[in-house]
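Quick caveat: nothing in here was measured; it's all calculated off a predicted structure.
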2 protein chains.
Amino acid sequence: MSPRAGLSPDRVTALALEIVDRDGPDALTLARVAESAGVATPSLYKHIGGLADLRDRVSVRVVAELTGRVRHSVVGVGGDAAVRALLRAYRDYLVEYPHRAGLLVNPAASAPAGELLDVVLAVLDGFGLAGSAAIHAARTLRSVAHGFAVLQAGGGFGYPEDLEETFRLLADTVVTGVRQTYLAS
Amino acid sequence: MSPRAGLSPDRVTALALEIVDRDGPDALTLARVAESAGVATPSLYKHIGGLADLRDRVSVRVVAELTGRVRHSVVGVGGDAAVRALLRAYRDYLVEYPHRAGLLVNPAASAPAGELLDVVLAVLDGFGLAGSAAIHAARTLRSVAHGFAVLQAGGGFGYPEDLEETFRLLADTVVTGVRQTYLAS
DNA sequence: CACGGTTGGCTAATGATATTAGCTTAATGG
DNA sequence: CCATTAAGCTAATATCATTAGCCAACCGTG
């Protein structure tokens, strides 16, 4: 193991994320990351500040990746369909990676979280909303997307029966609610 | 410390919850609980199964307490006002105890989570909703309440400016959305 | 091509923690 | 009043994170 292992902060973060995805956030230990990197545990400190720092880095990466997914889901789509696509992308992400749910809320990830907000604001702009109304509506959309996705990923709904139908109705509820509340004319 | 300390599973759980509230979930260790109980760490195993079991017990207690708050908030209230009260009670609970956010989604707490669902269903019944439509609407309400509360508690919105206004508009959005989606006549 | 600094590995040591095993003593019930 | 049970204890083990200090590999410069 003496020859250089070609590690880097990004590489360490990627290995950490694999462990989280496989065995959950509690399984993320420096010992396991070091093992999967083929390196002794203290060597990791040459690349990261410690376990807390590594957790923050994983959070940043996860929020950034989610932002990318959401952004991608709404290109070329507008109006109601864009809102639905956004909600679905958020949910699909946590269905694919359920163990990442707890990593999405972290003050250390405020930069990519801001980008996510920008994406939502762009969707709402195409929806005819701007200014402080758009801010409130964006927070609402994020709340709905986050709440449903987290609860589904964590098994927070009792039986998962008809969750797809619940999701469709939730999207209907939000779309019509936002229209009525912010665009009442 | 040799004389009996008068511990019990409930007492241990209560001490654990105090630690979570003061210093966050990561600060919950058996060593700290034992210290605050005036007991050696292994003695705790006479009352709980271990750290994981203790976490589950804390989750159960938290979800049960939240359910009580929500239930209390809607007695004597009906229709739109009940939905608003329910959302507000959920949010207020996590504003008061922000460190409990992560404890609300836990398969071990499915029993009190089911009770929470029953409370929401009762509100929706007074709203004129029953059957599978009520189930979908209840999941929607839980998603919205949970998402907003978790994000606020965790600082997930950038600047907390005008969050009260966001919350009011979120309630409007949900109430009108549910009406339109489930009670379109 | 050599060589010196920087970087990325290592081992050793320390301290916190969870958990198990086995002992001892206080409470309790017949 | 005694026996059983429950609740505490100490000791031991294993896993971790973290710090300190050492050494070898890499890289740019002369």
Rounded distance [0.5 Å steps], [atom1] in [X] versus [atom2] in [Y]:
X	Y	atom1	atom2	result
Leu129(A)	Leu124(A)	CG	CG	5.5 Å
Ser143(B)	Arg91(A)	OG	CZ	11.0 Å
Leu44(A)	Leu30(A)	CG	CG	6.0 Å

Residues Asp10(B) and Arg61(B) bridged, charged N to O under 4.0 Å: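 Yes.
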SB check Glu35(A) Arg32(A) (cutoff 4.0 Å): no
Donor-acceptor contact below 3.5 Å, side chain Ser59(A) vs main chain Leu103(A): yes
For [X] and [N], give me the distance from atom [atom1] to atom [atom2], rounded to whole Å.
X	N	atom1	atom2	value
Leu30(A)	dA17(D)	CG	P	4 Å
Glu35(B)	dA18(C)	CD	C1'	16 Å
Leu28(A)	dC16(D)	CG	C1'	12 Å
Arg11(A)	dG9(C)	CZ	C1'	16 Å

Val39(B) side-chain proximity, nearest of dA17(D), dT19(D), dG8(D):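 My answer, after comparing the listed nucleotides, is dG8(D).
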Contact residues, residues 43-55 of chain B to DNA chain D [heavy atom, < 4.0 Å]: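 The stretch gives Ser43(B), Lys46(B), His47(B) as the residues lying under 4.0 Å from the strand, ordered by number.
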Positions of residues 19-27 of chain B (non-hydrogen atom under 4.0 Å from DNA chain C), listed by number: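 Those residues: none at all.
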Neighbour count above 12 (heavy atom, 6.0 Å) for Glu161(A) CD: no
Charged tip of Arg69(B) within 45° of Tyr93(B) ring normal and under 6.0 Å: no
Touch class at under 4.0 angstrom, heavy-atom based, for Ala31(B) against every strand present: sugar-phosphate
